[in-house]
Amino acid sequence: MTSSSLAIRPARDSDSEPLAALIAASFAEYPNCLFEWSEFPELRRPASHFAAKGGRLWVVDAPDGGIAASLGATPVPEQNAVEITKVYAAPAFRGSGLAQSLFAEALAFAEQGGFDAMMLWSDSRFARGHRFYEKLGFRRWPGERYLADVSATWEYHFRLDLPGAR
């Protein structure tokens, strides 16, 4: 499956269940990485959640009716940055260019908003994702954070300075 055969669209609140299924399946690929609905209240109404924060969430529909991939972007005004979240791709769509296409949407959002940087936090277990972020130009920043969630998650911080940033 190539990314050119799939269309990126803004998320809708009705994407709640298929988006949760994509994330739960992604978590299941890692030991002791559990999906617990109560830890993701934003997934109940994902489009409304991102819109309320001035952000955007994009998804790609899978041919089977699920969601093939997602990526969200939310302004962090105090840092003049955009935080990237909900970066997931179903295994069948990895390596297809789909994630890069979603990232291009977020990059355009950040540049149009005049932000200086993009940032994200990623579960320390998601090494494949870390390689993807580094390929896009993100650098891992010092420090980690502990979420005290059901999976006892530790996250790494990544940042990408945008061209023209002060």
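Predicted, not measured: the structure shown is a model, and the values here were computed from it. Throughout, numbering of the chain's residues begins at 1 and tracks the sequence.
Contact annotation: the side chain of V87 never approaches that of F103 to less than 4.5 Å [non-hydrogen atoms, C-beta and beyond]. V60 is listed as a side-chain neighbour of L102, based on a closest heavy-atom distance under 4.5 Å. For the pair L6 and D61, the minimum side-chain heavy-atom distance is 4.5 Å or more. In this structure the side chain of I84 reaches within 4.5 angstrom of the side chain of L71, judged on heavy atoms. In this structure, F158 and M118 have side chains that are not in contact, with every pair of non-hydrogen atoms separated by 4.5 Å or more.
Residues satisfying the side chain to side chain contact (heavy atoms under 4.5 Å, CB included) criterion with A81, sequence neighbours excluded, are Q79, A117, M119, R159. Legend: residues meeting salt bridge (Lys or Arg N to Asp or Glu O under 4.0 Å) with R56, ordered by chain and number and at least two apart, are absent. For D13, the side chain to side chain contact (heavy atoms under 4.5 Å, CB included) criterion is met by R45, P46, A47, S48, not counting sequence neighbours.
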W154 and D123: CA distance, side-chain angles, deciding distance, side-chain contact (heavy atoms from CB on, under 4.5 Å) verdict
CA-CA 6 Å; W154 281 93; D123 189 308; over 6 Å; no
T74 vs L57, test: side-chain contact (heavy atoms from CB on, under 4.5 Å). Steps then yes/no.
CA-CA 9 Å; T74 307; L57 176 63; over 6 Å; no
Using the rule given for side-chain contact (heavy atoms from CB on, under 4.5 Å), can you reason through H130 versus F138, listing the C-alpha separation, both sets of side-chain angles and the distance that settles it, and then say yes or no?
CA-CA 9 Å; H130 303 162; F138 282 85; over 6 Å; no
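Here the CG-CG distance, from L19 to L43, works out to 5.0 Å after rounding to the nearest 0.5 Å. Rounding to the nearest 0.5 Å places OG of S26 at 8.5 Å from CZ of R128. In this structure, R9 CZ and E105 CD are separated by 13.0 Å, a value rounded to the nearest 0.5 Å. Note that NZ of K53 is 8.5 Å distant from CD of E83, once rounded to the nearest 0.5 Å.
Applying the side-chain hydrogen bond (donor to acceptor under 3.5 Å, both in side chains) test to every pair with at least one member in residues 141-153, sequence neighbours left out, gives these pairs: R125-T153, R140-E144, R145-E155, D149-T153. For residues 44-77, there are no ring-ring contact (aromatic ring centres under 6.0 Å, His included) pairs, not counting sequence neighbours. Residue pairs that meet the side-chain hydrogen bond (donor to acceptor under 3.5 Å, both in side chains) test with at least one member in residues 85-94, sequence neighbours left out, are E29-R94, E42-K86.
Hydrophobic clustering, with ILVMFWY side chains joined whenever heavy atoms are under 4.5 angstrom apart, groups Y30 together with L22. Placement of L120 and L98 within a single hydrophobic cluster is found when ILVMFWY residues are connected by side-chain heavy-atom separations under 4.5 Å, directly or transitively. F115 and L136 fall within the same hydrophobic cluster, defined by Ile, Leu, Val, Met, Phe, Trp and Tyr side-chain heavy atoms under 4.5 Å apart, directly or through other members. Tracing side-chain contacts under 4.5 Å through hydrophobic residues (I, L, V, M, F, W, Y), one reaches I8 starting from F93; they form part of the same cluster. Taken together through direct or relayed side-chain contacts under 4.5 Å among Ile, Leu, Val, Met, Phe, Trp and Tyr, L160 and Y133 form part of one hydrophobic cluster.
A tilted orientation is assigned to the rings of F126 and F27, their planes being inclined by 30° to 60°.
When all heavy atoms of P18 and S14 are compared, the closest pair comes out as CD-O, 4.1 Å. Taking all atoms of both residues into account, the shortest heavy-atom contact from F109 to G55 is CZ-CA, 4.0 Å.
Counting only distance, with no hydrogens or angles, the side chain of E39 and the backbone of V150 share a donor-acceptor pair below 3.5 Å. Using a distance-only test at 3.5 Å, with no hydrogens or angles considered, a donor-acceptor pair links the side chain of D15 to the main chain of R12.
When the shell of 6.0 Å around CG of N32 is examined, it contains 12 or fewer heavy atoms from other residues, nucleotides or ligands.
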